[in-house]
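Quick note: residue numbers are just sequence positions, from 1. Quick caveat, the model's predicted, so the values are computed rather than measured.
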Amino acid sequence: MAYDLIVIGSGPGGYSAAIRAGQYGLKTALVEKQAKLGGTCLLVGCIPTKALLHTADVWERVEHSELEGIKLDNPKLDYPKVKERKDGIVNKHSNGVAFLLKRAKVERISGYATLLGAGKVEVKADSGTQTLEAKNIIIATGSEARMLPGLEPDPEFILTNIEILNLTSVPKSLIIIGAGAVGVEFASIFKRFGTEVTVIEMLPRIVPVEDEDISKELERNFRKQNIRVEAGARAENIEKTGTGVKLSLTTKNGKQETLEAEKLLVAVGRKPNTERIGLENTKVELDRGFIKVDEYQRTGEPGVYAIGDAVAGTPQLAHVATREGMIAVAHMAGKPVTPINKNRIPACTYTEPGIGSVGLTEAQARAQDRKVKIGRFPFAGDSRATILGHHEGFIKVVADEEYGEILGVHIIGPEAFELIGEAVAAMEAEATVEVMMQTIHAHPTLYEAMGEAFNAVYGLSINA
Ligand SMILES: Cc1cc2nc3c(=O)[nH]c(=O)nc-3n(C[C@H](O)[C@H](O)[C@H](O)COP(=O)(O)OP(=O)(O)OC[C@H]3O[C@@H](n4cnc5c(N)ncnc54)[C@H](O)[C@@H]3O)c2cc1C
């Protein structure tokens with residue numbers, strides 16, 4: 001049977017693309033090798049981590065409830081129950097994806113897909129092998145955790161995002177290698193559950209893709225929370241001891257130390273799933289393992305598109321995968337389509353304090369020879385932040401001095417991941433700093449701090 005579209009992979013890129021194709025009336029099939037739908041994001045990424053982070057927030061509140069005049073006798077963390085809640089959220093939404101696909105009349109096919117070339121896809125399942133044909137194919141095979149050379153993940157000691165999410169108790173100590181979003185989020189989860197956490201990053205600063213001031217503020221806060229941070233450091237000779245792991249650390253000052261912990265989390269980036277999917281049978285081109293695409297997500301093979309974590313040139317984020325899916329499907333269906341503007345992709349890191357950012361960092365703007373003006377407003381000047389008991393951090397606006405163009409916004413503080421939405425909308429609508437200064441921000445809210453940060457660009461903030 002011939003389809004208009006076969007989507008390979010049911011992550012946020014693949015399932016959203018398949019649903020949109022169904023909405024457009026395309027005869028669509030979605031192939032997924034795993035029993036559950038939802039990909040990395042839903043099963044072992046965005047959603048389970050945020051469920052745990054939410055519980056960590058609640059637990060932190062409970063532990064410090066006396067600050068709010070609430071006395072609790074001997075509260076206890078029941079981690080198996082915490083995990084059960086997290087698993088429940090994942091299962092609910094994975095079933096939700098199945099329902100949405102069915103409603104959009106997308107055929108779900110279980111098995112491992114390989115491209116055979118010329119619009120053909122082979123699907124291998126326990127029940128047998130079949131060859132499907134389609135006018136269009138979307139590769140949405142996502143990514144998996146990169147490992148350090150010579151290391152293999154196992155359920156007990158050397159963990160990736162998959163194994164750590166399956167732990168049934170809170171480890172006493174945890175070393176995390178890699179301080180990108182994944183590494184620092186797990187640091188933020190387990191520290192607050194009582195684990196002794198060390199974060200090791202090879203680059204000179206943690207969350208290295210963020211604005212430098214954001215990295216500094218997160219590091220300062222992590223240290224305050226007694227998370228050990230070793231940036232510009234190297235971990236070597238990693239070995240299992242039988243009861244945990246041991247490694248040698250060379251700090252940024254060249255000091256050598258042996259570290260031991262119950263668990264090690266390797267969070268050194270994500271490898272695209274582009275091997276063993278039959279790309280050699282096509283004209284699809286790769287760039288260091290990532291699939292090369294044009295602005296409509298087309299690969300080098302006619303009729304074959306690629307989206308999400310497997311693609312070169314865009315950040316590995318769920319909302320990017322989804323947007324790329326929308327672009328690919330609209331393009332193949334002959335609908336109006338606007339390619340991604342890479343400068344307007346929000347990125348959120350759900351640490352405590354949280355991070356939300358969009359656009360150019362100060363350093364990037366200066367490197368482009370822009371006349372940069374910075375507006376900065378601390379959450380300490382925002383009454384809602386004080387009411388919530390989370391007044392760490394600030395909002396930093398990077399603006400063009402000449403025209404008041406908003407080049408970037410970088411937030412670290414309470415609900416940063418929600419607040420960044422205003423900045424994304426402002427940039428998408430091409431609002432200037434002046435427009436945002438005139439925008440009335442309700443009181444008392446956290447997003448009032450956004451208005452203040454825009455005013456700060458011209459030295460006109462009121463509350464700081
Ligand atoms: C711990 C963690 C936390 C994260 N948190 C966030 C966050 O808060 N916000 C955010 O935006 N991003 C987050 N991410 C990143 C996000 O998960 C990814 O960007 C997103 O899942 C990419 O979507 P995708 O559709 O490209 O691929 P994936 O979600 O990786 O899905 C790919 C799917 O394809 C299937 N597949 C692969 N090969 C085949 C094959 N040959 N045949 C059939 N099926 C196949 C896989 O089984 C999988 O289901 C996080 C990632 C991790 C690891």
Salt bridge present between K271 and E144 (N-O < 4.0 angstrom)
yes
Only distances under 3.5 Å count here; give the side-chain donor-acceptor pairs of residues 446-455 to other protein atoms, sequence neighbours excluded, each with its distance to 0.1 Å.
from: Y447; atom 1: OH; to: A442; atom 2: N; distance (Å): 3.2
from: E448; atom 1: OE1; to: H443; atom 2: ND1; distance (Å): 3.0
from: E448; atom 1: OE1; to: T445; atom 2: N; distance (Å): 3.1
from: E448; atom 1: OE2; to: H443; atom 2: ND1; distance (Å): 2.7
from: E452; atom 1: OE1; to: I462; atom 2: N; distance (Å): 2.8
from: E452; atom 1: OE2; to: N463; atom 2: N; distance (Å): 3.0
from: E452; atom 1: OE2; to: N463; atom 2: ND2; distance (Å): 2.7
from: N455; atom 1: ND2; to: G451; atom 2: O; distance (Å): 3.0

For the pair K371 and E402, find out whether any cationic side-chain nitrogen is under 4.0 Å from an anionic carboxylate oxygen.
no
S188 versus L53: any side-chain heavy-atom pair under 4.5 Å?
yes
Taking every non-hydrogen atom, the tightest pair across I345 and P315
CD1-CD, 3.9 Å
Evaluation steps, side-chain hydrogen bond (donor to acceptor under 3.5 Å, both in side chains), between N91 and K36
CA-CA 8 Å; N91 288 335; K36 285 187 191 166; 2.9 Å; yes
I'd like to know if the side chain of E434 pairs up with that of Y458 as donor and acceptor (distance under 3.5 Å, no hydrogens or angles considered).
yes
Can you tell me how far apart CZ (R223) and CG (L218) are? Round to the nearest 0.5 Å.
11.0 Å
For residues V97 and E32, determine if any side-chain heavy atom of one lies less than 4.5 Å from a side-chain heavy atom of the other.
no
Side-chain ion pair, R192 and E63, N-O less than 4.0 Å
no
Sequence neighbours excluded and cut-off under 3.5 Å, please list the side-chain donor-acceptor pairs for residues 68-84, or say none.
from: E68; atom 1: OE2; to: R61; atom 2: NH1; distance (Å): 2.6
from: K83; atom 1: NZ; to: D87; atom 2: OD2; distance (Å): 2.8

Supply the atom-to-atom distance M326 CE to T338 OG1, rounded to the nearest 0.5 angstrom.
13.5 Å
Residues which pass side chain to side chain donor-acceptor pair (under 3.5 Å) with E201, listed by chain and number, not counting sequence neighbours:
none
For residues 165-183, dump all side-chain donor-acceptor pairs below 3.5 Å to protein atoms at least two apart in sequence or in another chain.
from: S173; atom 1: OG; to: E262; atom 2: N; distance (Å): 2.9

Side chain to side chain contact (heavy atoms under 4.5 Å, CB included), that's the test. Do I395 and F379 meet it? Break it down for me.
CA-CA 8 Å; I395 299 178; F379 281 102; 3.7 Å; yes
Residues I214 and F394: closest non-hydrogen pair is CD1-CE1, 4.1 Å
Would you check if F417 and E415 make a side-chain contact, meaning some heavy-atom pair closer than 4.5 Å?
yes
Crowded around E236 CD? As in, over 12 foreign heavy atoms under 6.0 Å?
yes
Between A321 and I307, the two heavy atoms sitting closest are O-CD1, 4.0 Å
I'd like to know whether E212 forms a side-chain hydrogen bond (donor to acceptor under 3.5 Å, both in side chains) with S215, so could you lay out the CA-CA distance, the side-chain angles of the two residues, the decisive distance to 0.1 Å, and finally the verdict.
CA-CA 5 Å; E212 242 172 88; S215 296; over 6 Å; no
Just wondering, are more than 12 heavy atoms of other shown residues or ligands nearer than 6.0 Å to CD in E196?
no
With K50 via salt bridge (charged side-chain N to carboxylate O under 4.0 Å, His left out) - residues at least two apart
E185
Considering only NZ, NE, NH1 and NH2 on the basic side and carboxylate oxygens on the acidic side, decide whether E163 and K263 come within less than 4.0 Å.
no
Around M202, counting heavy atoms of other residues, nucleotides and ligands shown, do more than 12 lie under 6.0 Å from its CE?
no
Contact summary for P272 and A310, nearest pair of heavy atoms:
CB-CA, 3.9 Å
Closest heavy-atom pair and its distance - V433, A399:
CG2-CB, 3.7 Å
Side chains of I340 and K342, heavy atoms from C-beta outward: is any pair under 4.5 Å?
yes
How far does CD1 of I206 sit from CZ of F222, to the nearest 0.5 angstrom?
5.5 Å
Pair E362, H410 - check side-chain hydrogen bond (donor to acceptor under 3.5 Å, both in side chains), show working.
CA-CA 9 Å; E362 182 178 347; H410 307 276; over 6 Å; no
Identify, with sequence neighbours excluded, every residue that meets salt bridge (charged side-chain N to carboxylate O under 4.0 Å, His left out) alongside K240.
D154
Check whether any side-chain heavy atom of E352 lies under 4.5 Å from a side-chain heavy atom of K191, and answer yes or no.
no
Indicate whether any N or O donor in one side chain lies under 3.5 Å from an N or O acceptor in the other, for T241 and E260.
no
Within the structure provided, determine whether P153 and I162 are in side-chain contact (heavy-atom separation under 4.5 Å).
no
Decide side-chain hydrogen bond (donor to acceptor under 3.5 Å, both in side chains) for N221 and E217; before the verdict, give the C-alpha distance in whole Å, the side-chain angles of both, and the deciding distance to 0.1 Å.
CA-CA 6 Å; N221 274 277; E217 181 69 8; 3.2 Å; yes
What are the two closest non-hydrogen atoms of V245 and L264, and how far apart are they?
CG2-CB, 3.7 Å
Using atom types as modelled and distance alone, determine if a side-chain donor or acceptor of N237 lies under 3.5 Å from a backbone N or O of S248.
no
Heavy-atom count around R384 CZ within 6.0 Å, excluding the residue itself: above 12?
no
